[in-house]
Amino acid sequence: MDSHSTRAATVRKAAKVFAAIAAIACLTACSVSYKFNGASIDYTKTKTITIADFPIRASYVWGPMQSIFNNELKDIFANHTRLTQVKRNGDLQIEGEITQYNQRNKSVSSEGYSAQTELSMTVNVRFTNNINHSEDFEKQFTATATYETTQSLNSVQEELVTEMVKSITDQIFNATVANW
């Protein structure tokens with residue numbers, strides 16, 4: 001192999017390495033646009049948000065659920081946007097209620113007993129965008145979590161409710177300001 005062939009092979013290898021690095025850089029750069037960063041908010045026009053406390057309107061109630069939900073909803077907007085939260089008349093307004101909280105058997109064991117129980121939570125949300133009313137909506141968001149029936153609901157309820165609340169507040173955030 002002469003020096004010209006060796007040099008050409010080295011250049012081809014370098015080009016492949018450069019192409020791989022460029023591809024990785026592009027993939028990494030693209031992923032940033034999918035993170036919760038409030039990028040779809042025009043902060044020159046939209047500066048405030050009002051998030052009302054969501055009461056529980058479900059027939060089955062677990063007391064701490066309301067404060068866990070309300071705190072998480074306010075926190076997600078505080079942590080992922082530059083919007084100022086105000087008590088009333090925000091540029092964006094979110095209100096609603098927790099409409100369902102229930103459990104049902106999800107699977108049955110070979111002995112005919114319930115093996116898993118599914119817990120579900122549904123929240124009705126009314127969103128008003130006072131800057132662009134074409135984005136207003138009223139919609140329900142639901143999340144579920146499963147636990148083994150050998151466990152008592154009391155022993156897993158806080159963890160499962162927290163998990164469902166996180167899922168629902170992520171859904172609300174995406175539907176209101178992330179425009180996913």
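The figures that follow rest on heavy atoms only: side chains count, while hydrogens, waters and symmetry mates do not.
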| task | Under the salt bridge (Lys or Arg N to Asp or Glu O under 4.0 Å) rule, collect the residues that match up with Arg88, sequence neighbours excluded. | result | none
| field | Closest heavy-atom pair and its distance - Thr44, Lys47 | value | O-NZ, 3.1 Å
| query | What is the minimum heavy-atom distance between Met121 and Ile168, and which atoms define it? | reply | O-CD1, 3.5 Å
| note | Sorted by chain and residue number, the side chain to side chain contact (heavy atoms under 4.5 Å, CB included) partners of Thr46 (sequence neighbours excluded) come out as Ile41, Leu83, Asp91, Leu92, Ile131
| field | Those residues that, when tested against Arg126, pass side chain to side chain contact (heavy atoms under 4.5 Å, CB included) (two or more places apart) | value | Glu95, Glu97, Asn124, Glu138
Measuring from [X]:[atom1] to [Y]:[atom2], what's the distance to the nearest 0.5 Å?
{"X": "Thr50", "Y": "Asn89", "atom1": "OG1", "atom2": "CG", "result": "6.5 Å"}
{"X": "Glu118", "Y": "Lys106", "atom1": "CD", "atom2": "NZ", "result": "5.0 Å"}
{"X": "Ile76", "Y": "Phe173", "atom1": "CD1", "atom2": "CZ", "result": "6.0 Å"}

Check: [X] side chain, [Y] main-chain N or O, donor-acceptor pair, under 3.5 Å:
{"X": "Thr48", "Y": "Gln85", "answer": "no"}
{"X": "Thr169", "Y": "Leu73", "answer": "no"}
{"X": "Asp136", "Y": "Asn129", "answer": "yes"}

| Taking C-beta and beyond as the side chain, do Ile94 and Val125 meet within less than 4.5 Å on heavy atoms? | yes
| Is Phe127 close to Ile172 at the side-chain level, that is, under 4.5 Å between some pair of heavy atoms? | no
Residues 152-162 side chain polar contacts: donor-acceptor under 3.5 Å, at least two apart:
residue, atom, partner, partner atom, Å
Ser152, OG, Ser155, N, 3.2
Ser152, OG, Ser155, OG, 3.4
Ser155, OG, Ser152, O, 2.7
Gln157, OE1, Tyr101, OH, 2.6
Thr162, OG1, Glu158, O, 2.7

| query | Does Val86 belong to the same Ile/Leu/Val/Met/Phe/Trp/Tyr cluster as Tyr43, with side-chain heavy atoms less than 4.5 Å apart forming each link? | reply | no
Listed pairs under 3.5 Å, donor-acceptor, residues 52-65 side chains, sequence neighbours left out:
residue, atom, partner, partner atom, Å
Asp53, OD1, Lys74, NZ, 2.7

| field | Pair Glu163-Ser167, side chain to side chain donor-acceptor pair (under 3.5 Å): steps then yes or no | value | CA-CA 6 Å; Glu163 178 185 314; Ser167 173; over 6 Å; no
| How far apart are the C-alpha atoms of Asn130 and Thr128, what are their side-chain angles, what is the distance that settles it, and do they pass the side-chain contact (heavy atoms from CB on, under 4.5 Å) test? | CA-CA 6 Å; Asn130 289 313; Thr128 305; 3.4 Å; yes
Please list every donor-acceptor pair under 3.5 Å in which a side-chain atom of residues 139-147 meets a protein atom from a residue at least two apart or in another chain.
residue, atom, partner, partner atom, Å
Thr142, OG1, Thr122, OG1, 2.9
Tyr147, OH, Gln103, OE1, 2.6

